[in-house]
Amino acid sequence: MAATIASFKVDYFQFLDETGQLVDGTQIPALARDMKQLTSLYELMTLTRVFDKKAVALQRTGKLGTYASSLGHEAAHAAIGSAMREEDCFCPMYREYAAQFYRGVKMSEVLMYWGGDERGNDFSGPAHDFPWCVPIATQCLHAAGAAMAYKLNEQKRVAVTVVGDGGSSKGDFLEAINAASAWKLPLVLVIVNNQWAISVPRSKQNSARTLAQKGIAGGLPSIQVDGNDLIATRWAMDKAISAAREGRGASVIEMLTYRLSDHTTADDARRYRPEDEVDTAWKKEPLVRLRNYLSDQGEWDEVKEEQLLKDCADRVNAAVEEYTDRVENDPQPIEAMFKYMFKNLPHHLEEQLEIAKRFPAKGGHH
Amino acid sequence: MAATIASFKVDYFQFLDETGQLVDGTQIPALARDMKQLTSLYELMTLTRVFDKKAVALQRTGKLGTYASSLGHEAAHAAIGSAMREEDCFCPMYREYAAQFYRGVKMSEVLMYWGGDERGNDFSGPAHDFPWCVPIATQCLHAAGAAMAYKLNEQKRVAVTVVGDGGSSKGDFLEAINAASAWKLPLVLVIVNNQWAISVPRSKQNSARTLAQKGIAGGLPSIQVDGNDLIATRWAMDKAISAAREGRGASVIEMLTYRLSDHTTADDARRYRPEDEVDTAWKKEPLVRLRNYLSDQGEWDEVKEEQLLKDCADRVNAAVEEYTDRVENDPQPIEAMFKYMFKNLPHHLEEQLEIAKRFPAKGGHH
Amino acid sequence: MAQITLVEAVTMALAHEMKEDPTVVVFGEDVGVNGGVFRATAGLQKEFGDERVIDTPLAEVMIAGMCVGMASQGLKPVVEAQFEGFMYPMVDHVVNHAARLRHRTRGRMSCPAVFRAPWGGGIHAPEHHSDSNEATWAHFPGVRTVIPSSPSRAYGLLLAAIRDPDPVVFLEPKRIYRWQREEVEDDGEELPLDVCFVLRDGTDVTLVTWGAMVKETMEAAVALEKEGVSAEVIDVATVAPLDMETIVESVEKTGRCVIVHEAPKHCGVGAEIAAGLADQGVWHLKAPVKRVTGYDTVMPLYRNEMNYMPSAERIVHAAKETLEYA
Amino acid sequence: MAQITLVEAVTMALAHEMKEDPTVVVFGEDVGVNGGVFRATAGLQKEFGDERVIDTPLAEVMIAGMCVGMASQGLKPVVEAQFEGFMYPMVDHVVNHAARLRHRTRGRMSCPAVFRAPWGGGIHAPEHHSDSNEATWAHFPGVRTVIPSSPSRAYGLLLAAIRDPDPVVFLEPKRIYRWQREEVEDDGEELPLDVCFVLRDGTDVTLVTWGAMVKETMEAAVALEKEGVSAEVIDVATVAPLDMETIVESVEKTGRCVIVHEAPKHCGVGAEIAAGLADQGVWHLKAPVKRVTGYDTVMPLYRNEMNYMPSAERIVHAAKETLEYA
Ligand SMILES: Cc1ncc(C[n+]2csc(CCOP(=O)(O)OP(=O)(O)O)c2C)c(N)n1
Ligand SMILES: Cc1ncc(C[n+]2csc(CCOP(=O)(O)OP(=O)(O)O)c2C)c(N)n1
Ligand SMILES: [Mg+2]
Ligand SMILES: [Mg+2]
């Protein structure tokens with residue numbers, strides 16, 4: 001007997017094409033007609049981009065440490081953040097600022113973190129949201145664990161996590177898929193595939209047609225969307241989150257986008273990445289197409305754009321002020337190195353704190 | 001635009017049904033007509049079962065340490081071993097004796113290993129074959145690495161590894177699939193799904209329809225076969241190995257079988273497993289159906305069976321002799337604890353060796 | 001009051017805390033119906049249900065990683081690794097996340113989890129079932145490492161570990177899981193973490209140990225007594241952070257110290273104790289500080305296992321060496 | 001002869017061995033076109049091709065596990081972990097397999113592999129990019145742990161590590177990757193593993209260290225000299241196995257010892273050295289053995305980083321403490 005006992009597929013979704021036209025021959029999500037939502041998300045995406053540019057500039061002038069840019073990822077990140085509820089848990093990697101801004105994290109807090117001050121992780125977003133996660137893909141299991149907690153506590157909460165194309169090769173992500181399958185967890189696993197893992201192109205992570213199909217290992221609904229199309233990214237998130245919230249389990253969404261920046265400010269992509277690839281990618285970036293769409297709908301124009309850019313610049317500058325003021329005029333004391341290691345400072349750390357106080361670094365951190 | 005960009009399926013194969021009849025309506029592999037092969041593999045499976053019974057008995061009488069039985073897995077293991085070439089690399093878990101016997105590992109060596117003597121790992125099988133592997137699923141990455149070495153050295157060699165239904169949840173296995181996909185490795189990943197991971201049933205590992213579909217994550221050809229049907233297991237192995245050898249990359253084969261024994265002699269499956277499930281499983285076990293088939297073909301009869309069982313008993317007894325003689329009359333010296341740690345014994349170990357010699361255990365190992 | 005073994009004391013402590021605190025969940029391989037391969041969780045799933053005593057898929061990275069997520073969202077997971085040799089895949093999540101979550105977030109989040117594992121050699125098990133890796137855990141900031149050596153300490157210290165607001169690695173000496181029985185009242189009385197327990201008073205030499213080696217060390221102390229040598233025996237119990245004070249005090253009295261552990265010698269916890277003496281106790285030392293430990297080799301398969309394990313004889317010999325110095 | 005930095009010496013050693021030995025392959029994330037995030041493998045892929053300088057998918061367990069497989073089948077993989085903080089997922093395969101394969105198979109198989117990683121703090125990088133985890137590796141039997149502290153030692157020790165028939169963890173002090181330039185001849189001359197290097201002769205106190213802390217320790221020695229104190233400086237270089245002999249010899253001469261490392265104090269490699277002195281060197285000690293180390297905390301983000309790192313000032317202070325004893 002030879003019988004096919006299981007079949008699977010990965011569908012791709014795009015609603016707003018590169019020029020900002022709605023793709024026809026498809027049922028367009030209601031969001032496409034919700035001008036208020038779209039406009040405010042466009043504003044969030046623009047703010048994020050203005051912030052991003054500023055952060056890179058701060059690093060270049062020595063006012064910030066290594067910084068991971070989100071340039072080009074705005075439609076993916078804005079959709080992720082805006083589709084979630086306050087009580088849901090976000091487990092980010094390290095560049096999902098738009099999602100975090102939507103959830104209440106302040107720009108100044110992002111700067112604190114990359115500015116070498118742990119207080120940035122004690123942010124104004126939901127207290128149950130995870131801080132930035134450096135060890136690649138580990139956040140996926142934290143999200144699975146959070147989802148498990150919600151399920152055991154019968155809370156209608158969802159955990160959402162993000163992993164990159166590179167991170168999708170790591171066991172942590174793959175085991176999270178398996179865990180989600182085993183326990184039918186209220187979890188959304190988003191692969192933000194920006195084509196590069198530092199210098200390693202997507203094609204070297206594996207030879208499969210999609211990364212989304214990794215979800216099939218656990219039998220999870222797995223789709224791929226145009227990660228630069230806010231309508232598609234948000235539609236996919238809404239679908240996955242409501243499935244999770246209603247007890248239908250986890251899903252995998254692969255968002256196809258492009259890292260328009262260097263990996264971080266410590267990286268120089270020209271060493272390994274053809275310029276023309278980047279030029280082509282710029283033609284697909286998420287903001288322009290959304291702006292064109294909004295303009296065609298009569299919802300946006302030059303004047304509004306100028307005003308928005310000015311507001312964003314002002315808000316970003318205020319955030320930079322807040323950041324520099326805090327780290328310079330209210331730096332963390334040496335105690336801060338010790339007092340959060342345990343809830344109650346153990347004896348041996350008290351002794352070490354005394355030594356640390358006695359031998360502070362000469363001339364601060366430089 | 002909503003388009004299906006990738007589709008996948010998992011096929012199931014069975015050629016010899018539980019009664020030993022060829023399944024009709026299917027193209028039957030040539031092996032079904034190769035009576036010489038089938039007979040010798042039946043003999044190997046029988047020998048393995050006789051050996052297994054003896055090993056368990058030895059443990060019960062204190063002559064062997066913890067032992068992992070292969071009862072019920074013989075069709076899977078015999079197919080794996082017999083489909084490989086000497087120069088291929090086998091990375092076992094811990095119960096694939098039939099495969100190892102075929103490759104030249106001696107029964108006495110298996111007993112040495114479970115008898116607490118590392119010399120069992122210095123076995124008579126191919127010198128490049130891996131020893132038994134205790135940390136679950138880690139052998140999958142060793143196999144991927146071996147396959148990588150063969151590929152880089154342009155050798156037409158294949159690495160074959162085995163993982164259980166439980167082990168298929170572990171990142172090591174999942175990352176091996178991804179690596180195989182990334183480099184198109186000459187690798188065969190066999191999941192011997194015996195329905196249980198100690199006390200944890202297959203259904204708790206995840207909720208997917210098959211375990212084979214984990215290979216889809218890497219876009220690998222992935223199939224499921226009746227693991228108690230030697231013709232199906234061997235046919236699947238031949239197919240996968242030749243694909244690997246000819247540069248067409250890796251595959252995943254899920255062999256559905258059943259652990260008819262306790263997990264190991266240290267386990268008592270009655271604590272967690274319904275007896276009737278085991279009774280049902282016995283009706284599907286691999287030896288009887290193959291014997292029936294061979295009998296129907298006029299290739300086997302009572303006399304041959306009796307003769308075979310007698311030969312097996314003799315060989316197993318001889319192996320037990322060899323084992324007990326070696327561990328009792330030629331035990332490893334205390335030096336053995338030290339001399340293989342590094343190629344050349346470092347200074348600090350020389351000193352420790354002196355201490356060890358000076359303070360040997362009282363009354364041997366008990 | 002029941003006479004129970006060390007492993008039964010573990011079960012009793014788990015059951016007690018699960019009754020007291022509904023956020024406590026047991027999470028691991030075979031912990032459910034099977035009650036763990038050593039029966040440490042026997043009966044708990046029946047009593048508390050499979051939503052609180054949870055069998056996991058076979059994936060230690062997943063177990064540790066999910067534990068961090070669960071602990072951060074209001075649960076108190078008590079993870080069981082089936083054997084200490086299978087904890088290595090957990091290292092990344094324990095040291096990079098569990099041990100750092102509170103610190104990383106300036107106290108906004110925390111990870112009140114316990115990572116239990118049967119630990120140590122001497123049961124004639126296969127490879128990876130007999131290691132002593134406490135030093136691996138002890139070196140990492142942000143996590144406590146606790147090792148009981150008797151039924152009552154197993155009960156009291158495990159209660160304390162579960163109640164502790166920060167992550168604790170709790171290593172259970174499997175060799176003595178069923179060695180002695182002790183009367184242990186299920187009164188919910190915890191024992192203090194971060195302190196040593198003086199098991200025997202003595203004046204001539206201080207024997208410092210933990211875990212199953214307490215057995216051989218006490219035997220050695222008795223043997224020494226027969227020869228007129230009075231040995232003080234200290235069970236360290238919490239190997240990180242270390243209660244150096246109690247040890248130094250003892251050595252101030254005896255002037256001699258022999259440290260005993262099953263783990264390999266090089267960079268074992270014994271080194272930290274000897275180093276503490278080389279600093280704070282140096283003026284009191286009447287003899288070199290000796291370490292009787294496992295060798296810097298892999299624990300052999302069982303036929304040679306007892307040639308690896310430190311014996312009472314070796315401890316006595318080392319103690320006498322220290323007594324050769326006036 | 002070229003004046004090169006430590007990281008350039010690493011590259012030179014890799015290139016030299018890849019020329020000499022066709023079985024040597026470089027295996028890791030971003031080691032190819034990008035030449036590694038610190039450029040340690042810069043130019044190697046161009047010279048040796050992408051079948052010998054191999055960019056891997058992002059999966060450290062895979063990297064370490066495949067490395068075991070590759071090494072067992074005739075290759076000599078030199079793995080690069082991008083930062084020491086990302087080595088934890090490798091622990092399982094390194095300690096449970098790489099370090100044991102020869103032992104497990106009674107010499108039938110072996111694992112001649114090198115696990116390289118930029119290691120240590122002081123470069124103002126994000127979390128997990130500044131740890132010092134040498135003690136984690138040093139405790140495990142069957143693997144060597146080697147740490148260079150100058151361009152010439154990086155070249156000579158890495159050659160030795162690659163040629164060694166057993167696994168070596170090779171930790172590169174990233175803070176001094178580009179600190180000094182030295183004339184290093186590309187002559188394929190290796191330096192011995194398992195021995196300390198005496199960097200400076202002295203008679204009053206022995207300063208023992210390794211890695212980037214050699215910088216502060218030498219500064220301290222110079223400062224002490226100005227005050228008439230003659231400090232001997234020892235670079236341990238191989239932290240496992242340890243060349244205790246050289247250290248004890250030195251302390252026999254000086255009677256005082258200060259051990260310096262960046263890693264947390266508790267159960268750090270400094271403890272093993274102090275323990276060795278408490279045993280073999282105790283009669284020569286004129287003062288307590290002091291340790292100047294990182295604190296038992298997580299390495300802070302960069303604004304506090306320098307408050308964590310041991311300074312020359314702290315070393316000088318500790319040395320003077322030991323000199324208060326006649
Ligand atoms: C476990 C681990 N290994 C390596 C690194 C170093 N590293 C930081 S980001 C990165 C690439 C990540 O690529 P991807 O997952 O695609 O995410 P992206 O940065 O492209 O958004 C690497 C290798 C790390 N942070 N963690
Ligand atoms: C990493 C690791 N975790 C746990 C164990 C303990 N253990 C040994 S066998 C086993 C179950 C394995 O089940 P499966 O993978 O289905 O293989 P089977 O024994 O059924 O053939 C477990 C949990 C182990 N050996 N290694
Ligand atoms: Mg990427
Ligand atoms: Mg199984």
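Because only heavy atoms are used, hydrogens play no part in the values below, and waters and symmetry mates are left out as well, while side chains stay in.
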**Request:** Could you check if a side-chain atom of Q213(A) sits within less than 4.5 angstrom of a side-chain atom of F8(B), using non-hydrogen atoms only?
**Result:** yes
**Message:** Given heavy-atom pairs under 4.5 angstrom as the criterion, report whether the side chain, backbone, both or neither of Q27(B) touches chain A.
**Reply:** neither
**Request:** Please name the pair of heavy atoms, one in A6(B) and one in R209(A), separated by the smallest distance, quoted to 0.1 Å.
**Result:** CB-CG, 3.9 Å
**Request:** Mark yes when over 12 heavy atoms from residues, nucleotides or ligands other than K284(B) sit less than 6.0 Å from its NZ; otherwise mark no.
**Result:** no
**Message:** Report which part of K170(B) has an atom under 4.5 Å of a heavy atom belonging to chain A: side chain, backbone, both, or neither.
**Reply:** both
**Message:** Counting heavy-atom pairs closer than 4.5 Å to chain A, which one of F13(B), F15(B), Y12(B) comes out on top?
**Reply:** Y12(B)
**Prompt:** Does any N or O in the side chain of D11(B) come within less than 3.5 Å of the main-chain N or O of I5(A), such that one atom is a donor and the other an acceptor?
**Reply:** no
**Complete:** Among A232(A), G215(A), S203(A), A3(A), the residue with the most heavy-atom pairs under 4.5 Å to chain B is A3(A)
**Asked** Would you say S181(B)'s side chain and S207(A)'s backbone share a donor-acceptor pair under 3.5 angstrom?
**Response** yes
**Prompt:** For A208(A) and G219(B), which heavy atoms make the closest approach, and how far apart are they?
**Reply:** CB-N, 4.0 Å
**Asked** Any donor and acceptor pair, going by atom type alone, linking the side chain of N178(A) with main-chain N or O of N206(B) inside 3.5 Å?
**Response** no
**Request:** Starting at CG of L174(B), measure out to CZ of F173(A) and round the result to the nearest 0.5 Å.
**Result:** 11.0 Å
**CD-CD distance between E175(B) and E175(A), expressed to the nearest 0.5 angstrom** = 8.0 Å
